[in-house]
Protein chains: 2
Amino acid sequence: MKSVLVIGIGRFGYHLIDQLNKAGDEIMAVDSSEERINPVLGMVTSSLIGDATDENFIKSLGVSNFDVCFVAIGDKFQSSLETTSLLKENGAKYVVARASRSVQEKFLLRNGADSVVFPERQLAEWSAIRYCSATVIDYLEYPGDYSIFEVKVPKAWIGKSLVDLGIRNKLHLNILSIRRDGNPILEFPADMVFMEGDTVTVFGADKDLKKHLDLNY
Amino acid sequence: MKSVLVIGIGRFGYHLIDQLNKAGDEIMAVDSSEERINPVLGMVTSSLIGDATDENFIKSLGVSNFDVCFVAIGDKFQSSLETTSLLKENGAKYVVARASRSVQEKFLLRNGADSVVFPERQLAEWSAIRYCSATVIDYLEYPGDYSIFEVKVPKAWIGKSLVDLGIRNKLHLNILSIRRDGNPILEFPADMVFMEGDTVTVFGADKDLKKHLDLNY
Ligand SMILES: Nc1ncnc2c1ncn2[C@@H]1O[C@H](COP(=O)(O)OP(=O)(O)OP(=O)(O)O)[C@@H](O)[C@H]1O
Ligand SMILES: Nc1ncnc2c1ncn2[C@@H]1O[C@H](COP(=O)(O)OP(=O)(O)OP(=O)(O)O)[C@@H](O)[C@H]1O
């Protein structure tokens with residue numbers, strides 16, 4: 001169970017609290033508007049109405065007691081930057097700040113943010129690949145240049161078995177599941193032969209995925 | 001290469017176009033404001049300024065020619081709903097609409113959207129688990145109740161090998177990588193023994209992950 005401070009109860013802050021509450025975490029919600037605090041009263045341990053850019057107010061929160069502090073102030077970038085900076089200066093262990101423009105990211109990271117989220121861009125990148133790749137059916141980016149792709153089985157694999165292809169040892173790929181006629185198969189023998197119409201979910205380093213899957217993107 | 005229509009060039013629409021352009025897709029950008037169109041002129045095949053809630057304007061776009069149509073109109077829900085509906089009525093093959101409140105999702109899906117994205121909520125859910133779980137270091141939700149977790153090695157696994165534990169056959173889990181002293185290992189022998197301090201990245205059905213990993217959330 002973690003202790004989390006959420007400053008700014010816009011849509012991102014609201015859904016963050018909803019999820020943290022389901023996880024059983026201890027949550028303090030802060031916003032300058034009472035109207036924003038009211039909908040989350042039933043989901044948080046405590047809440048305060050105040051201006052997060054006010055140093056005395058931030059000091060009064062005892063921010064070093066929280067495992068993570070989120071700055072989810074959306075549109076007013078200066079407020080977001082000032083709040084992030086104040087949190088770090090006053091001992092916050094880990095600060096996650098939400099950016100609303102790409103350019104804000106570097107300023108937030110240089111001024112107290114340990115990590116930055118940018119929902120509009122992160123979801124746009126995921127959506128572009130998820131909905132618009134010729135062969136990619138689904139896609140998850142994995143930290144450190146690894147990804148997971150669900151793709152139509154590469155033409156070069158049809159009629160061959162996993163062991164023939166040396167999927168793990170030679171291609172350095174990990175097959176998570178094979179979908180045949182709509183049903184995902186998670187445990188498959190090494191001599192299982194790929195067929196036309198199969199889709200495969202594959203994990204591996206981006207360079208290996210691009211090399212061996214027909215990615216068309 | 002796909003042909004994509006993006007209506008509404010806010011932040012989500014802008015970053016969508018940026019990603020689609022990198023993928024080499026054919027893109028038409030539409031917005032009612034010239035100021036929004038200008039920054040993407042270098043990234044799109046064609047662009048038009050117009051009101052997407054105007055049926056004649058939508059008819060003039062030949063929407064059935066696009067593989068995917070995105071409605072990325074943010075704040076004005078009625079415009080978003082009307083545009084989504086008009087696209088489907090005029091033959092759009094696949095419509096992805098962006099919601100800006102949870103309640104909008106069902107309306108969009110009932111009125112022409114094949115899929116809905118809601119960046120603020122999707123990223124909030126991911127952030128809550130990514131930054132606030134006691135043992136989860138990273139997390140990706142996978143369609144159909146499967147997930148990938150990077151977690152501290154479960155206590156019950158320490159000192160035992162993969163084959164002893166029957167990770168694949170008995171626990172129905174797939175280990176994507178093991179991280180030891182900061183280095184991710186993707187190819188490991190079945191007799192490799194887990195050690196204190198290891199972290200493991202595991203793919204499997206949510207019920208199996210909850211059962212066998214110390215998830216604490
Ligand atoms: N100085 C401040 N101190 C505390 N709360 C603040 C401050 N400035 C703004 N807020 C709060 O931050 C919240 C989120 O900001 P806002 O609604 O502008 O962003 P948004 O981009 O719409 O957010 P989202 O996209 O998450 O919905 C608001 O509830 C607002 O009251
Ligand atoms: N009827 C319409 N026809 C065409 N474009 C429209 C229409 N209504 C709004 N737009 C455009 O949609 C774009 C996105 O809308 P808006 O900026 O309100 O949303 P937003 O929530 O801020 O988006 P984002 O979060 O993606 O930045 C704007 O560029 C706006 O000009």
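Naming convention: chains lettered A, B, ... in sequence-line order (proteins, then strands); numbering from 1 in each chain. In what follows, every heavy atom counts, from backbone to side chain, and hydrogens, waters and symmetry copies are set aside.
Put simply, the side chain of B:Tyr131 does not reach to within 4.5 Å of the side chain of A:Val4, judged on heavy atoms. Residues B:Phe203 and A:Asn174 fail the side-chain proximity criterion, which asks for heavy atoms closer than 4.5 Å. For the pair B:Lys22 and A:Glu125, the minimum side-chain heavy-atom distance is 4.5 Å or more.
If you measure heavy-atom distances from B:Ile27 to chain A, you find no contacts under 4.5 Å at all. With a 4.5 angstrom heavy-atom cutoff, A:Ile175 touches chain B only via backbone atoms. Residue contact with chain A, scored on non-hydrogen atoms closer than 4.5 Å, involves the backbone and the side chain of B:Ser100 alike.
Among the candidates A:Val96, A:Val6, A:Asp114, the residue making the largest number of heavy-atom pairs closer than 4.5 Å to chain B is A:Val96.
Using non-hydrogen atoms only and a strict 4.5 Å limit, the part of residues 9-18 of chain A facing chain B consists of A:Arg11, A:Phe12, A:His15, A:Leu16.
When every heavy atom of A:Cys132 is checked against every heavy atom of B:Phe70, the shortest pair comes out as SG-CE1, 3.6 Å. The heavy-atom pair separating A:Leu123 from B:Gln122 by the smallest distance is CD1-OE1, 3.6 Å.
Within the structure, every pair that satisfies the side-chain hydrogen bond (donor to acceptor under 3.5 Å, both in side chains) test and touches residues 68-80 of chain A, not counting sequence neighbours, is listed here: A:Gln78-A:Glu82.
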